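These notes concern the structure reproduced below.
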Amino acid sequence: MYGWIGRYLRIDLGSGTVRKEVITPDLARKYLGGRGLGTHFMMTEVDPKVDPLSPQNKLIFAAGPLCGTNAPSASHYDVISKGPLNGTIAASSSGGLFGPMLKYAGYDMIILEGKSAKPVYLWICDDVVEIRDAAEIWGKTVPETTEAIRSATDEEASVACIGPAGERLVLFANVMNECGRAAGRSGVGAVMGSKNLKAIAVRGTGAVRVPDPKAFREAVVKASAKIKANSVGGKGLKNYGTDVLVNILNELGGLPTRNFLDGYFPTADKVGGESLAKQLLIRPRGCYACIISCGRATKVTNPKFAGQGEGPEYETAWAFGPDCGIDDLDAVTKANYICNDYGMDTITMGSSVACAMNLFENGVITTKDTDGIALNFGDAEAMVELVRKTAEGEGFGKKLALGSYRMAESYGHPEYSMTCKKQEMPAYDPRAIQGIGLNFATGNRGGCHVRGYTISPEVLGQPVKLDPRVTEGKPALDITFQDLTAALDSSGMCLFTTFGLGAEDLAELLSAATGLNITTEEFMKIGARIWNLERLFNLKAGLSALDDKLPERLTKEPILTGPSKGLVNRIDEMLPEYYKLRGWDSAGIPTKNTLADLGL
Amino acid sequence: MKITVRAFADYREFIGKEMELIVPEEKTIGELLAELGDRYPKLRSEMFTPTGELKDFINIFINGRNIAFLKDMATPLTDGDIIALFPPVAGG
Ligand code: SF4
């Protein structure tokens, strides 16, 4: 096979057996790799009703056929499992070097089963696969773990690991690789912790084969030129990082503020990309083969919040900033560093703090619940302290470790949790931007922006400008973005390439890498297949159409101030059409015809 | 009338973060941008093609609404308007 290696590892952590198995060409073409292939194995091998933190759940690391090639930003892999935060099918994507290294070592994927009796880590160096004792690194932070494993194995190894939060089963613990890149959402790091697996270190010396290197190079040059000509390849992301979005969302009145009580934050600029570039940026950082370099290497010198590391990204700056009513960039960045070091998703962490602040200000919880800390919106020190407590598993931090939904529910008020399917929404207010609201509500892993980034046309005007306040046409738009993203995640590319590349470009790259003739239509159909398969997993896990909704706050309580004052989300105008266009019945279940058409 | 102009990302290097303009007579956003372009040629060359067309992926908001959904360059300005100028940006 070209593009794919055609081989994967199946490791039973309980018995310690390691098997090398083969991926058939048919299966590879049907699901590509990454998210798609991983979901296929979850669906066929795991009962969707399984307890996510039990040994019966599986944890899959999977790269796609383009990952590790010279295609631009072809660095991404996915971690697939049943997520403990909300019980949906989880697939979290990350860049860095881990995915390419896995391919160079000779594997498209690793399926991890069972549970090790004691802490271990995996060392993979080409054909050699070892399960090693991790007693000495258990309890260590992400940078400490990475360093310790590299010195015990190979300084060139890529290390994907959990921090203490994953060990402690924080429900939104993530998997970090290269210290600063995260498979961030849905708690895949807690699944890893539940298996007593601290890390996977991999070093590969092979390569990804393509059928016609010259033709592939031509396709790569063409795609790179398209990305460079687009905004994503321009100065914006490199100079300011993803945090450049703070101001455009705020000027639109779509920046969720104080746990979504409002959609406008007057001092948002203080945590925006322009301020970040001026105050904290050391240099931009990129993943493997990236021509964009959106990552931020930063340093905070303010003694109160001093530290050094990566970030913040836009979502992070928002979650610890405006969503908590905070405009202190040093504090926001410090909270980000703690999350990176301990291995926690910044969106769920920040949104859970915001939810706690909302509960506190409304008198639902008091200092008796919060270890004596007054939790008022805007209190940067309290916010950082709560993040630290969650990371360390201390007092009220144990409540926050459950995510905002379970925490608010435990006080009898789940409606304070700004989640869809119990996963926290990211930094776009669905009251100001209708299409993204539908996307959050229908997202297969709950509130999430990287399952269909309609912000691109609705706010950023790419590839065309679409009115964010209109509901008409949004169901079709959401479906196109969802399917495109599912296929892209499965091919091994970074999502940001879609700012410059459309389905036809991606299909062309994929064809050049695999030697197959994958048309634009087939590419999009693969995406639809994966989306429907994820839907089936969730339905079997017990979710239903009742879960395709937004928090009531967004449909009943209008934005209070700013340019979008008075607006609510009108999901009822969109959801029935979405089901229809998806080929689902009115209960949100894919019809027989739809499944047959997709080969499911 | 008083108009506030806010600039973001690279545009701040050309015209600063924010300025207030007192505009004596009625004007469209297109006319105002043409005048700004006279004062700040770098801003003009970044925003417009040599034939005066707005370049791709540039967003201009008046009070939070993209002018693409108003009357584009013919959108009239009113007292107190806040104009926001964004070069092409991406992220997520
Ligand atoms: S655009 Fe950012 S996330 Fe994507 S590959 Fe490049 S550096 Fe990594």
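Chain A is the first sequence line, chain B the second, and so forth, proteins listed ahead of strands; every chain is numbered from 1. If you're wondering where the values come from, they're calculated on a predicted model, not measured in any experiment.
Using bins of under 30°, 30° to 60° and over 60° for the plane-to-plane angle, the ring pair Phe496(A)/Phe499(A) lands in the tilted bin. Taking the six-membered ring where the residue is Trp, Phe440(A) and Tyr428(A) present tilted rings, their angle falling between 30° and 60°.
Using modelled atom types, one finds a donor on one side chain and an acceptor on the other under 3.5 Å when comparing Asp345(A) with Thr348(A). With no hydrogens or angles considered, a side-chain donor-acceptor pair links Glu313(A) and Thr242(A) at under 3.5 Å. Between Thr49(B) and Glu53(B), the side chains place no donor N or O within less than 3.5 Å of an acceptor N or O (distance only, hydrogens not considered). With no hydrogens or angles considered, no side-chain donor-acceptor pair links Ser73(A) and Ser75(A) at under 3.5 Å.
Contact count versus chain B (heavy atoms, under 4.5 Å) is highest, among Leu460(A), Val470(A), Val450(A), Asp467(A), for Asp467(A). Chain B forms more heavy-atom pairs under 4.5 Å with one residue of Ile248(A), Asn247(A), Val459(A) than with any other, namely Ile248(A).
Residue-level contacts of residues 3-17 of chain B with chain A, in order of numbering, are Arg6(B), Phe8(B), Ala9(B), Asp10(B), Arg12(B), Glu13(B), Lys17(B); threshold 4.5 Å between heavy atoms. For residues 73-92 of chain B, heavy-atom neighbours of chain A at less than 4.5 Å comprise Ile82(B), Ala84(B), Phe86(B), Pro88(B), Val89(B), Ala90(B), Gly91(B), Gly92(B), sorted by residue number.
At distances below 3.5 Å, not a single donor-acceptor pair connects side-chain atoms of Ser351(A) with backbone N or O atoms of Ile347(A). Under the 3.5 Å distance criterion, the side-chain polar atoms of Lys42(B) are left unmatched by any main-chain donor or acceptor of Gly37(B). Of the possible polar contacts, one joining the Thr257(A) side chain to the Leu255(A) backbone as a donor-acceptor pair under 3.5 Å is found.
With rounding to the nearest 0.5 Å, the separation of CE in Met425(A) from CD in Glu315(A) is 12.0 Å. Taken from OH in Tyr314(A) to CG in Leu237(A), the straight-line distance is 13.5 Å, to the nearest 0.5 Å. One distance of note links CD of Glu472(A) with CG of Leu477(A); it measures 12.5 Å at 0.5 Å rounding.
Only the side chain of Phe61(B) comes within contact range of chain A, with at least one heavy atom under 4.5 Å from a heavy atom of that chain. Heavy atoms of Asn239(A) lying under 4.5 Å from chain B belong exclusively to its side chain. Only the side chain of Asp269(A) has a heavy atom closer than 4.5 Å to any heavy atom of chain B. Only the backbone of Pro463(A) comes within less than 4.5 Å of a heavy atom of chain B; no side-chain atom from C-beta onward does. Only the backbone of Leu466(A) comes within contact range of chain B, judged by heavy atoms closer than 4.5 Å.
Residues Asp78(A) and Arg35(A) are not paired through a salt bridge, judged by the lack of any N-O separation under 4.0 Å between the basic side chain and the carboxylate.
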